[in-house]
Amino acid sequence: MCGRYVLVMDEDGIAKLIQEQDIDHEWFSRLEQEGRVLETSSTERPSFTSYNIAPTHLAPIVINRSGSRQLELARWSFVPSFWSNDPSENPKFSTFNARDDKLKSSGFWRGAVEQYRCMVPATGFYEWEKAGKERLPHYIHRKDGEMMALAGLYSLRANPETGETLTTFTVVTTPTNRFMEPLHDRIPLVLGGIEDELWSVWLDPRTRFEQVERHVASREWPEMAMHRVSTDVNATGKAKYKNEPGLIEPVKRVEEQGGLL
DNA sequence: CCAGACGTTGTT
DNA sequence: GTCTGG
DNA sequence: CCAGACGTTGTT
DNA sequence: GTCTGG
C-alpha cells in the first residue's frame, strides 16, 4: 500500500524527468514558501529531496495540463473536486491510496481516473512488517537506484480564501506480487522506470485504464530490491520526525546482531 | 424521483 | 477501539 | 503509513 | 460529479 515514500530528485534528476517540458518557476518559489525545500542549491534550478514523505505532505507529481506535462507540488491525500473546498471543513477520511479495482466502479474515483491521472516520481518506498506490536520498516527501491513512476490520481480545487489552487493526489494500489507478498497484500502500481514510456501512456486520457493495468498490475519486480531499515522512519509529527539519508540505510535484525542487547 | 454517500488498510 | 495530524 | 490523542469545567 | 438505496 505505500503510505510512505522517498524521493531524491536532484537538479539533474529533474532535468532528466522533464526533458522537453517547461517548468513553471512558480514551482520553485512555492516550494520555498512551503518550507519544503529540503535540499537547496545556489542556482535557480529546483530540486526535491525527502527521505520521509508521509500523507498530507507536499510532493512533486507530473500531470497533463493544457496539452503539456507539468511538474506540480501537490498534497498527498486526494480530495475530490466535489468536496467542500472550505479549509475549515476537513475531509471525512483520508485517501492517500486508491484501489485499482474501485477506480471505475466508484463515483469517488470515476472522474479522476478519466481526466486527472498523474505520475508520482519516487526513488523508493517503505513497507512495514508486523512483528508482534512492533512495526519494522523495509525500504523497497530499484536495484539501479533510479527513480520509478507510480500511478496516481489528482484533483485541483481553488481555495476560496486565498484563491490559490490546491492540488491533491493519491497513489493507486494493486494486489501484491511474489516479491512483496511477505510484507503486504497490496502494492503501489509501478508504471516502470522514469525512462519508461508507460507512464506517459498512463497520463494520456485517451488511454483506457484497463490497457495500462494489464501491463503492470501485480507483475513481478525483477528490477527491485528491499532491505530492512531503522524504525527511525516511523515517527511523524514535529518532535520525533526524521528526514535524513540514514533512513534508507540497511539495519540488521536484533537477533542477527549477535545479542548485543 | 430525491437523499446520501462517496476511502484505505488490516483485522476478525 | 477510533480518529486526527503529519 | 505510524504516532498520539482521545474529555470536561472553569480559570487566566 | 456519480453511484446506490429507497
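Quick note on labels: first sequence line is chain A, next is B, and so on, each numbered from 1.
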Report task. Calculate the interatomic distance between A/Phe108 atom CZ and E/dT4 atom C1'; express it in whole Å. Result -> 16 Å

Query - Inter-nucleotide C1' distance (B/dG7, C/dC3), Å rounded - result: 14 Å

Query raised in the report: Is A/Lys104 paired with A/Glu213 through a side-chain N to carboxylate O contact shorter than 4.0 Å?
Result: no

Query raised in the report: How long is the span from the CG atom in A/Asn97 to the CZ atom in A/Arg186, to the nearest 0.5 Å?
Result: 8.5 Å

Query - Positive for ring pair (Phe, Tyr, Trp, His ring centres under 6.0 Å) with A/Phe78, one of A/Trp109, A/Phe96, A/Tyr154, A/Phe169 - result: A/Trp109

Requested in this report: Take the protein atom CG of A/Leu189 and the nucleotide atom C1' of B/dT8, then report the distance between them rounded to whole Å.
Outcome: 16 Å

Query - Separation of atom OH in A/Tyr51 from atom C1' in C/dG6, rounded to whole Å - result: 20 Å

Query raised in the report: Any ion pair linking A/Arg110 and A/Glu114 (charged N to carboxylate O, less than 4.0 Å)?
Result: yes

Query raised in the report: Whole Å only: how far is the CH2 atom of A/Trp76 from the P atom of C/dG5?
Result: 18 Å

Query - Validation row: A/Pro175, A/Asp100 side chains within 4.5 angstrom (heavy atoms) - result: yes

Report task. Verify, without hydrogens or angle tests, whether A/His141 (side chain) and A/Ala122 (backbone) share a donor-acceptor contact under 3.5 angstrom. Result -> no

Report task. Name the pairing partner of E/dT4, where a pair is Watson-Crick or G-U wobble with both distances under 3.5 Å, or state none. Result -> B/dA3

Query - Interatomic distance, A/Phe82 CZ vs E/dC3 P [rounded to whole Å] - result: 11 Å

Query raised in the report: What is the nucleic acid contact for A/Ser105, judged by heavy atoms within less than 4.0 Å: base, sugar-phosphate only, or nothing?
Result: sugar-phosphate

Requested in this report: Inspect the contact between A/Arg208 and A/Glu210 and indicate whether a charged nitrogen and a carboxylate oxygen are less than 4.0 angstrom apart.
Outcome: yes

**Report entry** Phosphate-side-chain proximity, A/Arg99 and B/dT8, N/O vs OP1/OP2 below 4.0 Å
**Finding:** no

Query - Integer-rounded Å distance: E/dG1 P and A/Phe78 CZ - result: 14 Å

Report task. Please report, rounded to the nearest Å, how far the P atom of D/dC1 is from the CD1 atom of A/Ile248. Result -> 21 Å

Query raised in the report: When all nucleic acid strands are considered with a 4.0 Å heavy-atom cut-off, which category describes A/Gly111: base, sugar-phosphate, or nothing?
Result: nothing

Report summary line: Heavy-atom contacts, protein to nucleotides 2-7 of chain D, under 4.0 Å, summarised as B (base), S (sugar-phosphate only) or - (none) per nt, yield BSS---

Query - Span that lies between the P atom of B/dG4 and that of D/dC6, in whole angstrom - result: 32 Å

Query raised in the report: Rounded to the nearest Å, what distance is computed from the NZ atom of residue A/Lys92 to the P atom of nucleotide C/dC3?
Result: 14 Å

Query raised in the report: A/Ser94 side chain N/O closer than 4.0 Å to the phosphate oxygens (OP1, OP2) of C/dT4?
Result: no

Query - D/dC2 and B/dT8, which share atom name C1', separated by this distance in whole Å - result: 15 Å

